[in-house]
Trainee: 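Below you will find the structure I want to go over with you.
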Protein chains: 2
Amino acid sequence: MSSTEHHCCGHAHDRGILSEWTAHLQSAGHKLTKPRLAVLELLHRQEHPITNREIHAELSAECDLASIYRTMHLLLEMDLVQQFDFGDGTARFELVSPGGDSHHHHMICTRCSTVVEVDHCFPDSLSETLARHTGFKKITHKLEFFGLCPDCQ
Amino acid sequence: MSSTEHHCCGHAHDRGILSEWTAHLQSAGHKLTKPRLAVLELLHRQEHPITNREIHAELSAECDLASIYRTMHLLLEMDLVQQFDFGDGTARFELVSPGGDSHHHHMICTRCSTVVEVDHCFPDSLSETLARHTGFKKITHKLEFFGLCPDCQ
DNA sequence: CTTTCAATTGCAAGCGAATTGCAACTTGGC
DNA sequence: GCCAAGTTGCAATTCGCTTGCAATTGAAAG
């Protein structure tokens, strides 16, 4: 499944590690540009969702802010990133493995903005109940938790 | 609890119906201004959360947009309205009875934006589990559902 | 009912997130 | 290497929301 390249593991130029995403882009007829690679690489290093502005702060030399927004739209369309809304007016993005089950949520501290990943979710039966009650199809949801982290209590 | 006034029931000047909210405002030392009354009255007539811009469209004669934003801040602070986020970048507001349990969510059609109220929610035990797992306190959540309504399928 | 003053409003300017038009520049197929 | 389509950077723009300030108004006190 993974490519046959393996360099010494590590920093710049991670074609091997990123091939999961670059392959998708290319086979859909999109170009592998320097800005796109830089954004993918940076997203890949994150533990938590990150804003476009934060990405631009790191990549201002290699990539214009507008291009970051455009790249993120592309990745969203192709389901290569997932968008989260933490309640401040700024979108956050997380790289997801194509086809992988990445369903999760976040707990955000309302005082210091610390983020903790949350794997728990309500049972699927609830969505099914809702589908029956409302007649809606293809139901998804957005769910985030807020509270006071141990340090801020 | 309710006042002794009763007119013929109806439109303008619903001091009786709105007293639940106006009383709170006044006893907290806030003025009962024309803009505030107009906003309250309009909110009271809504079945679904409404945006500040939508309110202003109806009330442009009686109330500046900035005042609507300011009124909404006030009502939020006093827990007289609840704010919802439907994923477009625009806040929506719903009047809630002071002290009443208004916990609910929404199902929003991703194509035509139809809104359906959803009373179901996941069991409280989930929040408790999360509190134990994460160490967070005073946990709240934001949850909205998205899907295709019967007409749009 | 008038006075009085702090709270509130309207207006216009301002801010940050996100989008867009366009000329210049890459990417990747030939 | 060449070329066309896709992409980028830049600057200007939109959109939701906020803010400073002078003018107005609600309501408490006289």
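Remember, it's a predicted structure, so these values are computed and weren't measured experimentally. The chains referred to below are lettered A, B, ... by the order of the sequence lines, with proteins before strands, and numbering in each begins at 1.
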Trainee: Among D:dG9, C:dA17, C:dT9, which nucleotide has an atom closest to any side-chain atom of B:Thr33?
Mentor: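 For B:Thr33, the side-chain atoms sit closest to C:dT9.
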Trainee: Roughly, in whole Å, what's the span from CG in B:Leu59 to P in C:dT9?
Mentor: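 My rounded result for the distance is 12 Å.
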Trainee: Look at the side chain of B:Arg92 against the base of D:dG16 and say whether a donor-acceptor pair falls under 3.5 Å; ignore hydrogens and angles.
Mentor: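 No pair found.
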Trainee: Rounded to whole angstroms, how far apart are OH on A:Tyr69 and C1' on C:dG21?
Mentor: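 So the two atoms are 18 Å apart, to the nearest Å.
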Trainee: To the nearest Å, how far apart are A:Met72 CE and C:dT19 P?
Mentor: 12 Å
Trainee: Taking CG from B:Asp64 and P from D:dT25, how many angstroms apart are they, rounded to a whole number?
Mentor: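 From B:Asp64 CG to D:dT25 P: 14 Å.
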Trainee: Between A:Glu54 and A:Ile50, which heavy-atom pair has the shortest distance, and what is it?
Mentor: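 Minimum heavy-atom contact is OE1-CG1, 3.1 Å.
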Trainee: Between D:dT25 atom C1' and B:Leu32 atom CG, what is the distance in whole Å?
Mentor: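 Going from CG in B:Leu32 over to C1' in D:dT25 covers 13 Å.
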Trainee: To the nearest angstrom, how far is B:Asp85 atom CG from D:dG16 atom P?
Mentor: 13 Å
Trainee: May I ask you to check whether B:His104 and B:Glu94 show a side-chain donor-acceptor distance below 3.5 Å?
Mentor: yes
Trainee: For A:Arg53 and C:dG16, is the shortest distance between a side-chain N/O and OP1 or OP2 below 4.0 Å?
Mentor: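 Negative; the distance criterion is not met.
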Trainee: Find the distance between CD1 (B:Ile17) and CD (B:Glu41) and round it off to the nearest 0.5 Å.
Mentor: 9.0 Å
Trainee: Is the distance between the ring centroids of A:His141 and B:His105 under 6.0 Å?
Mentor: no
Trainee: Check the distance between D:dA5's P and A:Gln26's CD and give it to me in whole angstrom.
Mentor: 20 Å
Trainee: Among C:dT9, D:dT8, D:dG26, which nucleotide has an atom closest to any side-chain atom of B:Arg36?
Mentor: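 From the listed options, C:dT9 comes nearest.
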Trainee: Could you check B:Ala66 against A:His30 and say which one's nearest nucleotide on DNA chain D is further toward the 5' end?
Mentor: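 Its nearest nucleotide lies further toward 5', so the answer is A:His30.
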Trainee: Expressed as a whole number of angstroms, how long is the span from B:Lys34:NZ to C:dT9:P?
Mentor: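 Between P of C:dT9 and NZ of B:Lys34: 11 Å.
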Trainee: For a quick check under 3.5 Å, do B:Glu117 and B:His106 share a side-chain donor-acceptor pair by atom type?
Mentor: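 Indeed, the side chains of B:Glu117 and B:His106 share at least one donor-acceptor pair under 3.5 Å.
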Trainee: Look at all strands and tell whether A:His73 reaches a base, only sugar-phosphate, or nothing, counting heavy atoms closer than 4.0 Å.
Mentor: sugar-phosphate
Trainee: Go through C:dT26, D:dT8, D:dT25 for me and flag the one nearest to the B:Lys31 side chain.
Mentor: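 Comparing C:dT26, D:dT8, D:dT25 against the side chain of B:Lys31, the answer is D:dT25.
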Trainee: Taking N and O atoms by type only, does the side chain of A:Arg70 place a donor or acceptor under 3.5 Å from a partner on the base of D:dG6?
Mentor: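 Donor-acceptor pair under 3.5 Å: no.
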